[in-house]
Amino acid sequence: QVQLVESGGGLVQAGGSLRLSCAASGRTFSCYVMGWFRQAPGKEREFVAAISWSGGSTTYADSVKGRFTISRDNAKNTVSLQMNILKPEDTAVYYCAADLDSPRFIANIHHRKAVYDYWGQGTQVTVSS
């Protein structure tokens, strides 16, 4: 069983920054591919970013590329999402997710919700214009 707890959400003006964190339980955190997704009201949950076990490989949705950065600290069992130049359209509940089963990190696969085995409860990010 893996538990994921997100933090760091809040209200920010357009152009501002936020840093989200996700704390994970489990002694084998360094073996999980980790991802961030988001869901705006009335919309499907969509991929934001993912990171490989070591942190050496990352992938991003086109809508956040160049503005968001995913990182992880395996010693602390955490994954973070630094969000810069925020836009009103970034407003959503942000979820972190863990994939325990994939034998390797493949960007196109790790964009898919179905790949992930565990999800956090989410943290709200609201960007005002």
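Because the structure is a prediction, the values reported are computed rather than measured.
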May I ask you to establish whether Arg72 and Phe29 are in a cation-pi arrangement, using a distance under 6.0 Å from NZ or CZ to the six-membered ring centre and at most 45° from the ring axis? yes
Can you find a pair of side-chain heavy atoms, one from Val127 and one from Gln13, that are under 4.5 Å apart? no
Got more than 12 heavy atoms from elsewhere within 6.0 Å of CD, Glu89? yes
So which heavy atom on Ala14 is nearest to which on Pro88, and how close? CB-CD, 4.1 Å
For Glu44, does its backbone N or O pair with a side-chain atom of Gln39 as donor and acceptor, under 3.5 Å? no
In sequence, state the C-alpha distance, the side-chain angles, and the governing distance for Tyr32 and Val79, and then conclude on side chain to side chain contact (heavy atoms under 4.5 Å, CB included). CA-CA 11 Å; Tyr32 309 160; Val79 60; over 6 Å; no
Option passing side chain to side chain contact (heavy atoms under 4.5 Å, CB included) with Arg38 (candidates Val64, Val125, Thr91): Val64
Is it the case that the ring center of Phe37 lies less than 6.0 angstrom away from the ring center of Tyr95? no
Could you give the distance from CD1 (Ile51) to SG (Cys96), rounded to the nearest 0.5 Å? 12.5 Å
Under 3.5 Å donor-acceptor, Ser25 side chain and Gln3 backbone: yes
Measure from the side-chain N and O atoms of Arg67 to the backbone N and O of Ile85, and report whether any donor-acceptor pair falls under 3.5 Å. yes
Determine whether Tyr60 and Tyr94 fall in the same hydrophobic cluster, where Ile, Leu, Val, Met, Phe, Trp and Tyr are linked whenever their side-chain heavy atoms lie under 4.5 Å apart. yes
Measure the spacing between CG of Leu4 and CD of Gln121 and express it to the nearest 0.5 Å. 9.5 Å
Trp36-Leu86 co-clustered via ILVMFWY side chain contacts under 4.5 Å: yes
Side chain Ser54, main chain Gly56, donor-acceptor under 3.5 Å: yes
Verify, without hydrogens or angle tests, whether Asn74 (side chain) and Trp53 (backbone) share a donor-acceptor contact under 3.5 angstrom. yes
When you group the ILVMFWY residues by side-chain heavy-atom contacts below 4.5 Å and let the links chain together, are Phe105 and Ile70 in the same group? no
Does Val48 form a side chain to side chain contact (heavy atoms under 4.5 Å, CB included) with Phe68? I'd like the steps, not just the answer. CA-CA 9 Å; Val48 175; Phe68 290 11; 3.8 Å; yes
Show me, pair by pair, the donor-acceptor contacts under 3.5 angstrom made by side chains of residues 112-119, not counting sequence neighbours?
from	atom 1	to	atom 2	distance (Å)
Lys113	NZ	Arg45	O	3.3
Tyr116	OH	His110	O	2.7
Asp117	OD2	Leu100	N	2.7

Any salt bridge between Lys65 and Asp62, counting N to O under 4.0 Å? yes
Please tell me whether Met34 and Val93 are part of a single hydrophobic cluster in this structure, the criterion being side-chain heavy atoms less than 4.5 Å apart. no
Can Leu81 be reached from Val33 by stepping across I, L, V, M, F, W or Y side chains whose heavy atoms are under 4.5 Å apart? no
Please list every donor-acceptor pair under 3.5 Å in which a side-chain atom of residues 15-22 meets a protein atom from a residue at least two apart or in another chain.
from	atom 1	to	atom 2	distance (Å)
Ser17	OG	Asn84	OD1	2.9
Arg19	NH1	Gln82	OE1	3.2

Would a distance-only check, ignoring hydrogens and angles, find a side-chain to backbone donor-acceptor pair under 3.5 Å from Thr126 to Leu11? no
